[in-house]
Student: 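Before anything else, here's the structure in question.
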Amino acid sequence: MDSRIPGFYKQDIDERRQAVADRAGLADEAVAAVGGRGLDPVRADTVSENVIGTLEYPLSIATNFRIDGEDRLIPMAIEETSVVAAASYGARMARERGGFTTQVTGPHMIAQIQAVDVADPFAAKQRVLDAQADLVALANDQDPVLVEHGGGCEDVQVRVLDTNRGPMVVTHLVVNVQDAMGGNAVNSMAEALAPEIESLTGGTVELRILSNLADRRIARARCTIPPELLADDDAELDGTAVRDRIADAGAFADADPYRAATHNKGIMNGIDAVTTATFNDWRAIEAGAHAYAALDGYASLSNYEVDADGNLACSIELPIQIGTVGGATQLQPVAGAAMDILGVDSADEFAGVLAAVGLAQNLAGLRALVSEGIQHGHMSLHAKNIAIQAGTPSHLVDDVAERMVEEDAIREDRAVELVDELSE
Ligand code: MEV
């Protein structure tokens, strides 16, 4: 399968859907789901509460991705113009040198059990650690299926926290959740262990819940970009200048939380869009990403440096909590089709793909920011939305948008004038 689809953006929606279906070998039902209405309201009523309808997003495909030697089409659902184009552009640049390489530490989630009113917190810590084997066994009794599949609780760690409500003994269960996101599995284990932790610590257990700072479930991606691919003729910048400016942008984000917030937001544009398209819990990944970025003072999740050959070496590292089994994906037929398009076989593979998408998104965003700025490209793609917002009749939307781009005047007031001119 080739993830390069020349002229894809110029095709109409039906042609694009067919091109993706052909490449991804989608079943007829999946193709019908993508072209259909999506989530049935009856089904929606079981997904959430007090449901009154369903909400649609565009489902798009980012092209050009090669990840660990394999081409992939990336489904993305997002309301922001130019994110999908940027991801595809970032992937196109990375592709020249083989695409992205990923590495994932393994699907380990952490559950926390908080004990308060512990008289001797450090001695209690030791008692919990001494009971590790029993605690692991008890945790694993909660999920024999997970254990059967090679997962389960593998480690117990204990931290004593000094809080403004006194010391707390916090037990962490480190659980290999295999291909699940794992929230339910680890929460059940934490709840089941609470009485044991109370008797070991002599305290009272209060919270028993997973930590979204999933620093035992880290995904990394990297790629190398030769400088000639970065040149921007319009901005009269050669490749090495753009390369150096991207490295400067990376250093800026690392040094300044104000910039890091926006830089990381750009990364999450891509990751959240794939997570939304596949009906997964993007808030968990967001929480984990920003908490991880803040571990040593809030900083960038990615890195840019110039390697010995003068290429731009790009990398990213963040926790990714995602699964390929369980979760809500199968409740939403379009999300099921999106998973078929993505074609990942395991949670680890999925996490690696998300890290690569985040890096592609970030790289393309920085390349635009350090050269012509993002507004030109963004507003050109956004011109049709501006025309529609200005009340342009649908048969004139394309013409009005085109004229506004030509004139570099992408504004509602100009759209209104153009409607008058073109209607005369
Ligand atoms: C816009 O949604 C994202 C960017 O602002 C990210 C960045 O500044 O790096 C372009």
Side-chain angles (χ1 to χ4, degrees), residues 57-62 64-65 74-94 100 221-223 225 229-230 232 234-235 237 241-277 282-283 285-290 292-294 297-305 312-318 320 354-386 389 410:
Y57 274 88
L59 178 69
S60 307
I61 298 294
N64 304 327
F65 274 84
I74 308 292
M76 301 177 87
I78 191 159
E79 85 300 338
E80 185 176 338
T81 308
S82 75
V83 167
V84 176
S88 305
Y89 187 66
R92 174 105 194 253
M93 286 191 280
F100 300 91
R222 61 191 163 82
C223 65
I225 314 291
L229 293 183
L230 296 164
D232 184 338
D234 292 342
L237 285 170
V242 175
R243 177 200 67 191
D244 292 349
R245 287 179 178 208
I246 293 176
D248 289 344
F252 178 17
D254 242 359
D256 176 22
Y258 287 90
R259 174 58 205 152
T262 322
H263 179 102
N264 290 341
K265 189 272 184 182
I267 291 170
M268 301 313 291
N269 272 345
I271 294 176
D272 288 347
V274 182
T275 317
T276 302
W282 52 267
R283 285 89 51 213
I285 300 181
E286 278 279 340
H290 295 291
Y292 193 66
Y298 191 81
S300 164
L301 291 164
S302 61
N303 259 291
Y304 293 89
E305 50 195 14
L312 185 67
C314 320
S315 58
I316 189 169
E317 174 178 307
L318 77 169
I320 300 272
L354 288 176
V357 172
L359 185 58
Q361 198 73 59
N362 187 224
L363 168 66
L366 294 185
R367 181 185 175 279
L369 283 170
V370 303
S371 50
E372 64 180 10
I374 59 160
Q375 280 312 88
H376 179 71
H378 178 76
M379 291 309 284
S380 303
L381 291 172
H382 195 45
K384 284 188 195 169
N385 296 336
I386 301 276
Q389 279 160 16
I410 304 165

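We count residues from 1, following the sequence as given. Both counts, for ligands and for their atoms, begin at 1 and track the order of listing. Note that the structure is a prediction, hence the values are computed from the model and not measured.
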Student: Would you indicate whether the side-chain heavy atoms of M379 and I386 approach each other to under 4.5 Å?
Tutor: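 Heavy-atom side-chain distance check passes, below 4.5 Å.
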Student: Name all residues meeting the ring pair (Phe, Tyr, Trp, His ring centres under 6.0 Å) criterion together with Y304; count only those two or more places apart in sequence or in a different chain, and write none if there are none.
Tutor: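 Partners of Y304 by the ring pair (Phe, Tyr, Trp, His ring centres under 6.0 Å) criterion come out as none, since no residue qualifies.
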Student: Report yes if some heavy atom in the side chain of D232 is under 4.5 Å from a heavy atom in the side chain of E372; otherwise report no.
Tutor: yes
Student: Taking the side chain as C-beta and beyond, is there a heavy-atom pair between N303 and D254 under 4.5 Å?
Tutor: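 SC-SC contact between N303 and D254 confirmed.
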Student: A side-chain contact here means heavy atoms from C-beta on lying under 4.5 Å apart; do Q361 and I271 qualify?
Tutor: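 Side chain of Q361 against side chain of I271, heavy atoms only: no contact under 4.5 Å found.
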Student: Which residue in the set V357, L59, T276, I61 passes side-chain contact (heavy atoms from CB on, under 4.5 Å) when paired with M76?
Tutor: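 The residue from V357, L59, T276, I61 that satisfies side-chain contact (heavy atoms from CB on, under 4.5 Å) with M76 turns out to be V357.
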Student: Could you list each nitrogen or oxygen of ligand 1 that sits under 3.5 Å from a protein nitrogen or oxygen, with the atom names and the distance?
Tutor:
residue	atom	partner	partner atom	Å
ligand 1	2 (O)	E80	OE1	3.4
ligand 1	2 (O)	E80	OE2	2.6
ligand 1	2 (O)	K265	NZ	2.8
ligand 1	2 (O)	N269	ND2	2.9
ligand 1	8 (O)	R259	NH1	2.9
ligand 1	8 (O)	R259	NH2	3.3
ligand 1	9 (O)	R259	NH2	2.7

